[in-house]
Amino acid sequence: MRPGTALLRLTTTHERRSILDGAWWPRSRNFATELPGLISALTERLGPITRIGLDSAAWDDMPTRMTVDDRVVHIDVFSVGDDTALVTRGDQDHFSLLVIPPETPPEAARAAMTEAVRSGNPKQAQQILIDTSR
C-alpha cells in the first residue's frame, strides 16, 4: 500500500462502549502525505471532520490546520505519546482512533486493528500495540 492511502477500520456498532472507535495504520510519518487520506476516509464514513488531535512526536512538520476536500480541518498537537488520534465531528462528537506506527509488521498491524474495533474492548491503545507485537 502506498503512502497517503488510508488503512482505516471503524467500529460497526453505534453503542460506542469501547475505549477506541477504530484504528488507523499510516504508511509513513509524513503528515502532509498521510492525513488527507485519513480525513477523506473519515468524512466518507462519519461526515465532516472539524479537528484532529495527534501526538507531535510521531509526525514530521505538523501544521495547525489543513484543507482537505475544500474543508479546513484544525490540527491539535499534543505530546502525550498515547498512540491515539482524537477526531472531532461537528462541535462536540469525538472519536478515538488507535494509531499504529508505520513500521509495524503487517500481521501485528492487522491484529491491532482487529482488537481496537472489537466490541467492548477495555484496552488502551498502548496496551493493544504491546499485546499484538508479540
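Since we're looking at a predicted model, the values are computed, not measured.
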Drop me the distance from M113's CE to I100's CD1, to the nearest 0.5 angstrom. 5.0 Å
CG-CG distance between L98 and L129, expressed to the nearest 0.5 angstrom: 5.0 Å
If you define the side chain from C-beta out and look only at heavy atoms, does anything of I52 sit under 4.5 Å from I75? yes
Side chain to side chain donor-acceptor pair (under 3.5 Å): pairs with one or both residues in residues 106-115, sequence neighbours excluded: R9-T114, E115-R118
For R29 and A58, which heavy atoms make the closest approach, and how far apart are they? NH1-O, 3.0 Å
Heavy-atom closest pair, residues N30 and A32: OD1-N, 3.1 Å
Pairs flagged by side chain to side chain donor-acceptor pair (under 3.5 Å) wherever residues 59-75 is involved - sequence neighbours left out: S40-D69
Heavy-atom count check: over 12 atoms from other residues, nucleotides or ligands less than 6.0 Å from E44 CD? no
In this structure, CG of L35 is separated from CH2 of W24 (nearest 0.5 Å) by 5.5 Å
Interatomic distance, I128 atom CD1 to K123 atom NZ [nearest 0.5 angstrom]: 6.5 Å
Minimal heavy-atom distance between P48 and R89, with the atoms involved, is O-CG, 3.5 Å
Work out which heavy atom in A116 is nearest to a heavy atom in A23; give both atom names and the distance. CB-CB, 3.8 Å
Heavy-atom closest pair, residues P101 and W25: O-NE1, 3.2 Å
Could you give the distance from OG1 (T84) to CD1 (I19), rounded to the nearest 0.5 Å? 11.0 Å
Under a single-linkage definition using a 4.5 Å side-chain heavy-atom cutoff for Ile, Leu, Val, Met, Phe, Trp and Tyr, are F31 and V68 assigned to the same hydrophobic cluster? yes
d(T50 OG1, I39 CD1) to nearest 0.5 Å is 9.5 Å
With sequence neighbours excluded, residues passing side chain to side chain donor-acceptor pair (under 3.5 Å) with T88: H94
Side-chain (D21) to main-chain (L97) donor-acceptor, under 3.5 angstrom: no
Between L8 and L38, is any pair of side-chain heavy atoms under 4.5 Å apart? yes
Please determine whether residues M62 and V99 belong to a single hydrophobic cluster, defined as Ile, Leu, Val, Met, Phe, Trp and Tyr linked transitively by side-chain heavy-atom distances below 4.5 Å. yes
Apply the test side chain to side chain contact (heavy atoms under 4.5 Å, CB included) to residues L10 and F95: give CA-CA distance (whole Å), side-chain angles for both, the deciding distance (0.1 Å), then the verdict. CA-CA 10 Å; L10 295 173; F95 296 84; 5.9 Å; no
Decide yes or no for V87 and L42: does some side-chain heavy atom of the first lie under 4.5 Å from some side-chain heavy atom of the second? yes
Over all atoms of both residues, closest heavy-atom pair of A108 and S133: CB-CA, 4.4 Å
